[in-house]
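What follows is a short report on a single structure.
For ligands, and for the atoms within them, numbers begin at 1 and follow the listed sequence. Keep in mind that the numbers below use all heavy atoms, side chains included, and drop hydrogens, waters and symmetry copies. All residue numbers in this chain count up from 1 along the given sequence.
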Amino acid sequence: MHAFWPPDASVVSWVVLALILAKWLAQLWLDYLNRQYVLAHASVPPAAFQGIMDEATYAKSVQYTLAKGRLSQVETSYHVLLLLLVLFSGILPWAYRLFAGQFENSAWVSAAFLFVIALTLSLPGLPLDWYHQFRLEERFGFNTTTQKLWWLDRLKGLLLAVALGYPLLVLVLKLIEWTGRWWWWWAWAAILAFQLLMLVLAPVLILPLFNKFKPLPEGSLRERLLSLAERTHFRTRSIQVMDGSKRSRHSNAFFTGFGAFRKIVLFDTLIEQLAEPELEAVLAHEIGHFKKKHIPKTLVVSALGSLAGFFALSVLAHEEWFYRAFGFAPGNIAAAFLLFGLLSGAVTFWFSPLAHWWSRHHEYEADAFAAQVLNEPQPLIGALRKLNEKNLSNLTPHPVYSGFYYSHPTLLERERALQGLLLPA
Ligand SMILES: [Zn+2]
């Protein structure tokens, strides 16, 4: 008779297989639901938008949504197949023996092993990413990236990972050697410190590696936006314009950094697409995120999440069955990190609706702030409508699908919330 605990390695394999398949089926089902819903609404745009998005644009947005859905189904299944192959074929322990046989065992070598495996595992995704950019986005008129730029972006990403990711990985593995059973606490603190540092440094050092940033030029728009910043007591040195049009015709605005390093960035494509009052509304929305402290709040919650992750990893790294189920020798900490990295997505996936619900809550708050500051919701509604039109957004996602995946409420939801606000006269 087998005792229930510790579990047999084969039982662990079956449980992991079930978790991976459950996530896969859920993804396929969500895609299917969304597709049926979009098809059901394909012939007539939602009543609220008749006369706003013309029929040809609406039809194009439906085609775009369906094409993205098809590609996402292929991607999902492809990645599941690869994951199962990598986990259960014995290729990982084989690669580890090959690697460990060449070098002395140290944190530097373990980190290099993890790094090489992560890099290798990212390669099979490249063709699909390429197809997405140069076939799908191209077909709908969004792509402005050249082949050269696309490959250069990947190369820069790789070099950044080597320069920042590899030393960080070595540090974490060293901390395990140095700090004993509370290592997970120290590793978490090191990662958190790194994240905080990046929050400050990324806008200054990393984003400029990929895009050019220029202060918004003198003129009526700049005056209008700076006066809004003053009215809302949002101290800012400048508002930056990013050359987003270098890669894509999609438009956006974002807000990064904190303290003296904060930065509001408008895509050049956004400035091209929106009228001045609408751009003011978008900036008011971004200032709303700042005023409602959304960045620090999100940071605290994600830090707690990663603490839970490190704790779980430290528990699993103690268990023999965790290693044996995938053909590794117990106590091999590099293997524990690798397996945890490959498997955690099958669990965290189920938390994504909660995280997205919270994010949507922040969007409503920022919208309400913008409407209040501008004394009317109209400019923001106008901006959102144009953004949805220009980006060919799906106006009719299935509610379960958008509830699961959407970080922003849909156009209809945002308009309803904005119109329902009781604004002071
Ligand atoms: Zn927002």
Side-chain angles (χ1 to χ4, degrees), residues 199 202-203 207 211 213 216 224-225 228-229 231-236 239-242 244 248 250-259 261-271 273-302 352-395 397 402-421 423:
L199 212 54
L207 295 182
N211 283 95
F213 293 83
L216 188 62
R224 185 176 198 133
L225 297 187
L228 169 73
R231 249 181 14 251
T232 51
H233 309 288
F234 179 81
R235 263 173 300 158
T236 178
I239 296 154
Q240 305 274 313
V241 182
M242 190 186 103
S248 164
H250 283 298
S251 48
N252 213 337
F254 64 93
F255 169 76
T256 70
F258 65 102
F261 300 95
R262 65 175 180 250
K263 192 164 173 173
I264 283 200
V265 178
L266 305 173
F267 280 36
D268 54 356
T269 39
L270 187 79
I271 294 177
Q273 289 167 1
L274 300 186
E276 284 192 11
E278 293 164 345
L279 283 162
E280 185 182 16
V282 169
L283 181 64
H285 170 97
E286 295 302 321
I287 293 176
H289 279 308
F290 172 76
K291 291 282 169 185
K292 302 286 176 184
K293 301 192 169 42
H294 292 158
I295 293 188
K297 282 182 192 169
T298 308
L299 203 70
V300 167
V301 171
S302 89
S352 65
L354 196 62
H356 289 143
W357 169 82
W358 201 48
S359 163
R360 291 195 299 271
H361 172 70
H362 286 168
E363 295 306 324
Y364 283 127
E365 280 190 348
D367 280 356
F369 178 88
Q372 207 161 44
V373 165
L374 302 174
N375 272 315
E376 52 167 349
Q378 225 43 55
L380 186 57
I381 291 180
L384 293 172
R385 284 183 174 182
K386 269 195 202 166
L387 286 176
N388 274 266
E389 188 196 336
K390 298 286 179 193
N391 290 308
L392 295 178
S393 305
N394 179 9
L395 293 183
S402 60
F404 212 98
Y405 287 124
Y406 278 28
S407 61
H408 287 59
T410 64
L411 178 58
L412 202 59
E413 290 167 335
R414 288 175 86 168
E415 280 202 14
R416 276 197 193 127
L418 277 165
Q419 272 153 353
L421 288 173
L423 295 168

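Distances from the Zn ion (ligand 1) show that Glu363 has an N/O/S atom below 2.8 Å. Taking backbone and side-chain atoms together, His289 has an N/O/S atom less than 2.8 Å away from the Zn ion (ligand 1). At least one N/O/S atom of His285, from backbone or side chain, sits under 2.8 Å from the Zn ion (ligand 1).
The side-chain contact (heavy atoms from CB on, under 4.5 Å) search around Glu389 returns Met53, Thr57, not counting sequence neighbours.
Aromatic ring pairs are classed by plane angle as parallel below 30°, tilted from 30° to 60° and perpendicular above 60°; the pair Phe234 and Phe290 is perpendicular. Between His285 and His289, the angle of the ring planes goes over 60°, which puts this pair in the perpendicular group of the 30/60° scheme.
Among Leu392, Asn391, Thr269, the one residue that satisfies the side-chain contact (heavy atoms from CB on, under 4.5 Å) test with His250 is Asn391.
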